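Accompanying notes for the structure given below.
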Amino acid sequence: MKGNAHSYNSAAEYNPTELLICTASRLMQDNTTAFIGTGIPMLAASLAQRLHAPNLVAIFEFGGTGAILDQLPMAVGEQNTFHRALAASGICDIVETAQRGFIEYGFLGGAQIDPYGNLNSTVIGDYNNPKVRLPGSGGGNDVGSHCWQTIAIIRHDKKRFVERLDFVTTPGYLSGPGARERAGLPPGTGPFRVVTNLAVMGYHPISKRMMLMALQPGITVEDVHSNTAFNLLVADEVEHNPPPTTQELKLLREEVDRDKLYI
Amino acid sequence: MKGNAHSYNSAAEYNPTELLICTASRLMQDNTTAFIGTGIPMLAASLAQRLHAPNLVAIFEFGGTGAILDQLPMAVGEQNTFHRALAASGICDIVETAQRGFIEYGFLGGAQIDPYGNLNSTVIGDYNNPKVRLPGSGGGNDVGSHCWQTIAIIRHDKKRFVERLDFVTTPGYLSGPGARERAGLPPGTGPFRVVTNLAVMGYHPISKRMMLMALQPGITVEDVHSNTAFNLLVADEVEHNPPPTTQELKLLREEVDRDKLYI
Amino acid sequence: MQVIQSGVGELIQTPDINAFREWNREKPTALIDKTMTEAQAIDRFVNDGDYIGTELYGTVRCPMSLVYEIVRQGKKDLRIAGQGVLELDMLLAAHLVKALDITYIGLEVYGVSNCLRREVESGRIERVVDWSNAAIAWRFKAAAMGVPFIPVRSMLGTDTLKYSAAKVVECPFTGEPICLLPALILDVGLIHVHRADQYGNAQIDGISGFAAELARASKRLLISAEEIVDTETIRSQPDRTTIPYYLVDAVVEAPFGSHPGEMCYAYMRDEAHIREWVEASKKERSTREYLDKYIYSVADHHSYLELVGQDRLEELRRE
Amino acid sequence: MQVIQSGVGELIQTPDINAFREWNREKPTALIDKTMTEAQAIDRFVNDGDYIGTELYGTVRCPMSLVYEIVRQGKKDLRIAGQGVLELDMLLAAHLVKALDITYIGLEVYGVSNCLRREVESGRIERVVDWSNAAIAWRFKAAAMGVPFIPVRSMLGTDTLKYSAAKVVECPFTGEPICLLPALILDVGLIHVHRADQYGNAQIDGISGFAAELARASKRLLISAEEIVDTETIRSQPDRTTIPYYLVDAVVEAPFGSHPGEMCYAYMRDEAHIREWVEASKKERSTREYLDKYIYSVADHHSYLELVGQDRLEELRRE
């Protein structure tokens with residue numbers, strides 16, 4: 001990291017969206033491939049490229065590979081997703097690249113998540129008579145099926161962290177260990193992390209159930225439990241995420257999202 | 001046709017290759033799509049574009065669509081196959097275009113042909129212990145499977161026109177009426193004509209067996225039978241092909257194949 | 001090779017690849033002038049009840065001038081391949097959609113589509129069948145290849161598959177389960193491109209989205225282009241032709257045809273206008289007012305651009 | 001979904017798509033300099049017994065300098081995707097091929113390949129499995145898609161299918177028979193391109209043959225390029241990149257790398273040299289003399305070009 005990276009900030013000095021972006025950004029490693037969707041992942045990728053991951057290979061669903069994220073894209077097909085990119089192809093090529101095993105990380109969102117990291121972005125209520133019709137899978141199911149490690153970014157509350165989804169849009173570990181492979185999904189793939197405004201979760205290596213790994217600044221284990229409607233495992237040693245640094249916030253506000261479209 | 005198209009020539013004034021080219025060329029209609037393979041079909045297409053079919057859409061296996069055949073291609077992928085073309089893609093796109101039903105005519109060759117228009121270009125003798133290993137299907141099987149109407153161009157003798165092939169490389173009507181459809185080939189497709197140095201054959205509409213339609217100049221029905229090793233049907237009225245015209249030969253020799261690569 | 005699972009969703013469009021071949025055979029292969037206006041193209045080639053699809057996605061290179069004309073002419077009972085933002089939102093807003101294969105209809109950074117919610121939750125849309133994004137693109141790809149299905153590893157194990165019309169079979173080569181998606185053949189495809197000639201040869205700059213696949217999966221294909229160019233421009237760079245002419249039924253010259261969406265290398269998206277729609281679409285009444293203002297009350301795309309204003313359009317041009 | 005028919009041919013390479021995924025995951029995604037000589041590339045990335053494939057076909061944009069180096073290094077017991085002219089003829093001439101999936105190996109206008117005939121008819125080649133041209137390209141496409149098979153309507157009803165390793169199944173959507181081709185994953189793919197950067201981002205002018213598919217179907221991919229360009233050249237036109245860098249293991253600068261074949265827009269084929277080969281290849285002895293003269297006795301591609309002669313090469317350049 002360059003500059004005064006270790007100057008941390010108190011909660012009052014950043015908002016929850018900024019926290020999510022900075023937390024997601026820190027998960028993005030240099031020289032890795034990441035399937036980047038609309039919204040927070042775009043900002044996180046742009047921030048990561050400016051800090052610790054200048055050669056993060058951002059891959060966008062509709063064809064952009066290896067763009068330099070100087071300007072923030074507003075949609076997964078727009079020009080900034082292939083600005084000075086190495087290749088600009090189309091959705092079949094990109095998702096087949098993931099299907100072929102070339103994309104390490106995938107970022108996901110959703111309206112609900114369950115203990116196995118399955119996600120719902122289709123309907124709330126009954127499928128045939130929905131209470132709320134959500135946008136649908138979009139690329140979610142594809143990312144969750146093919147990328148080696150998926151990272152879900154989602155706001156943390158009991159309506160979202162549920163024991164049972166109304167609809168499994170995107171596969172996590174499905175019903176548990178071995179279920180992905182039995183369904184025909186590529187072996188070795190699956191959920192890796194869940195990033196929320198309260199915490200970062202991983203998955204138990206054996207049971208594949210969601211497990212608290214790290215707390216966001218000022219948050220307690222109890223806060224996380226009380227916002228989760230299922231029995232969340234807790235790692236033996238729960239880490240404490242440092243708050244966004246001054247440099248992260250400065251870059252985020254002055255360069256990544258200078259028009260304040262998201263933050 | 002332009003110029004003195006009806007000035008015909010005697011057999012002494014052209015060779016068998018020139019005759020095959022001119023006969024094939026006359027089968028190429030303006031504003032139709034034709035899958036053009038190496039050799040005689042290339043010359044025939046180039047000649048047709050200069051005469052009666054200026055808008056013949058020549059489609060080449062490795063990607064050229066709608067080229068202007070000023071210069072004779074030497075191979076199905078070379079630059080002249082997409083010289084001033086409308087599109088230059090690749091083999092999957094081209095054969096899928098045929099598979100989707102967009103290519104009307106396909107030209108084929110082979111070492112052997114049977115009464116149902118099936119072709120062998122793979123082996124003479126036993127497959128596992130061949131007497132002669134031939135080049136293989138190449139695009140032949142694909143053209144014979146997907147184009148609506150195929151035209152075989154082949155020299156006429158008893159070793160080539162056989163009752164039973166050593167190996168069915170490319171589908172004609174297979175074992176007879178309905179066999180293509182039963183095999184899963186697209187309905188309505190199949191052999192249309194066979195062009196040889198002796199005659200032009202079609203197929204009986206019901207039995208799908210090969211049928212003599214027209215004789216090349218100076219050839220008798222008996223000549224054709226004595227060079228065919230199976231029972232060839234004969235149309236009620238056998239036509240007599242006019243010989244190559246002076247204009248055809250002039251264009252062929254002075255423009256189409258001015259370097260005398262084929263003729 | 002056993003069928004392990006069959007999705008319970010209905011096939012809104014059958015993958016009749018033989019009928020598609022017959023249709024394609026009848027399309028003209030001659031080089032004929034296909035230029036016409038949006039009004040002519042939609043009137044001639046779009047029917048009530050048709051299954052239609054649009055390309056691209058988001059607010060990028062979207063065939064808005066053609067979509068506005070569908071709304072203007074009130075083509076109804078449409079079945080649509082539901083992946084998009086503004087273009088499909090307009091069809092939903094105008095109550096023209098009866099059934100959809102959906103993957104994502106939403107407003108991206110601006111959230112869910114209120115028009116979709118109103119149409120689905122009210123029951124005005126009779127059938128919704130869910131798929132993933134790539135699944136719909138792959139279904140076009142299967143049709144483009146001329147085969148009735150395509151094997152993929154998306155959707156396995158999920159309700160997305162369960163409620164779709166996909167099937168899971170045991171792969172006869174590996175013995176593992178694999179998902180088969182049925183080909184999706186469109187009655188009408190709509191694509192906006194950077195340039196096309198009068199015959200329909202069309203070229204796209206930047207990412208190609210799923211233009212190649214959708215074009216080849218369409219029985220009737222309407223192209224709008226920022227610019228109509230001479231065929232020599234096409235012939236000088238044939239490797240840039242994404243859509244060859246024989247696929248195309250109509251070519252419409254539509255500068256700023258993607259407005260309020262963007263056109264890469266040409267103009268940016270009109271963020272203010274998009275926000276105007278986002279706000280308007282929240283309520284039935286304001287939705288109707290938007291449609292009145294920008295579609296029903298203007299005669300054509302030219303008048304629409306006048307309404308948006310030349311100054312505004314110039315601001316959107318990229319340097 | 002019944003398997004109606006299974007080709008009796010052996011699968012020379014198994015369509016293990018999961019192992020392919022694992023392999024691909026380990027390939028470096030960092031931008032690293034991959035430029036090297038032919039000798040280094042072949043030494044490092046080609047092993048005896050490998051299954052290799054070359055692109056394009058005919059005598060067009062063929063990776064001759066890489067193939068000559070395989071011959072020079074005597075990599076043996078090769079299994080090959082047999083679709084080509086000069087490049088595969090050289091491997092056959094040097095007795096390096098043990099098994100092949102064949103669609104067409106011949107000399108086009110100059111007739112059959114005598115090298116192929118000698119190798120097959122003598123039994124030196126242990127296995128030959130036949131396919132159609134498109135079938136082999138589609139098999140690459142299946143691997144490129146990351147699925148174990150692809151459905152097509154080629155090969156049905158013929159001995160080409162009977163002796164292949166394809167299967168015919170009843171389509172679960174239409175009930176009609178359809179051919180399934182197993183994915184073909186190459187140990188090594190060889191492609192010659194117009195330009196590439198040091199990382200392997202590669203661009204091709206004109207027809208693309210099956211470069212996109214073969215590149216994506218290769219575990220190790222060796223690119224030779226007429227010209228190594230700066231990455232900014234790639235970044236300025238990303239929609240021209242057919243092969244992105246992460247697929248590539250070696251980038252070899254090889255001007256006239258397709259000689260005696262052609263390179264569209266750059267140079268024509270060397271007809272006299274091709275005829276020299278056609279004549280030489282007719283007999284075992286003269287074949288060996290050709291190999292001695294043009295491959296075994298020259299150190300590298302640079303020396304080969306000197307042997308061919310600068311004057312001759314200049315004559316071949318296109319205006």
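What you are looking at is a predicted structure, and each value in this text was computed from that prediction instead of being measured. Below, chains carry the letters A, B, ... as their sequence lines are ordered, and counting in each starts from 1.
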- First locate atom CD1 of C:Ile178, then atom CG of A:Leu185, and finally report the distance between them rounded to the nearest 0.5 Å. 10.5 Å

- Which value, rounded to the nearest 0.5 Å, describes the distance between C:Thr158 atom OG1 and A:Asn118 atom CG? 9.0 Å

- Message: What's the separation between atom OG in C:Ser154 and atom CD in A:Gln99, rounded to the nearest 0.5 Å?
- Response: 6.0 Å

- Message: Could you report the tightest heavy-atom contact between C:Leu156 and A:Pro171, atom names first, then the distance?
- Response: O-CB, 4.4 Å

- Any chance you could lay out the side-chain contact (heavy atoms from CB on, under 4.5 Å) test for A:Val95 and C:Trp138, step after step, and finish with the verdict? CA-CA 10 Å; A:Val95 183; C:Trp138 278 324; 3.5 Å; yes

- In Å, rounded to the nearest 0.5 Å, how long is the span from CZ of A:Phe167 to CG of C:Asp159? 5.0 Å

- Item | Residue C:Glu119 versus chain A: region with a heavy atom under 4.5 Å | neither

- Please step through side-chain contact (heavy atoms from CB on, under 4.5 Å) for the pair C:Trp131 and A:Ser137, ending with a clear verdict. CA-CA 7 Å; C:Trp131 308 83; A:Ser137 161; over 6 Å; no

- Task: Working to the nearest 0.5 Å, report the span between CG of C:Asn133 and CD1 of A:Ile94.
- Result: 13.0 Å

- With no hydrogens and no angle check, is any side-chain donor or acceptor of A:Asn141 less than 3.5 Å from a backbone partner on C:Ser132? no

- Item | Heavy-atom proximity to chain A below 4.5 Å, by part of C:Val8 | neither

- Roughly how far apart are C:Tyr110 OH and A:Met74 CE, rounded to 0.5 Å? 4.0 Å

- Item | Heavy-atom side-chain contact between A:Glu78 and C:Thr59 under 4.5 Å | no

- Query: For the side chain of C:Glu108 and the backbone of A:Thr38, is there at least one donor-acceptor N/O pair under 3.5 Å apart?
  - Reply: no

- Under 4.5 Å to a heavy atom of chain A? For C:Glu213 that would be side chain

- Task: Give, as side chain, backbone, both or neither, the part of C:Val85 having an atom under 4.5 angstrom from any heavy atom of chain A.
- Result: neither

- Check each atom of C:Gln83 against the heavy atoms of chain A and say whether the ones under 4.5 Å are side chain, backbone, both or neither. neither

- If we only count heavy atoms from C-beta on, is the C:Val128 to A:Arg133 side-chain gap below 4.5 Å? yes

- Message: Counting only non-hydrogen atoms closer than 4.5 Å, does C:Arg275 touch chain A with its backbone (N, CA, C, O), its side chain (CB onward), both, or neither?
- Response: side chain

- Given a strict heavy-atom distance threshold of 4.5 Å, which part of C:Arg269 is in contact with chain A: side chain, backbone, both, or neither? side chain

- Please step through side-chain contact (heavy atoms from CB on, under 4.5 Å) for the pair C:Tyr163 and A:Thr122, ending with a clear verdict. CA-CA 11 Å; C:Tyr163 290 99; A:Thr122 304; over 6 Å; no

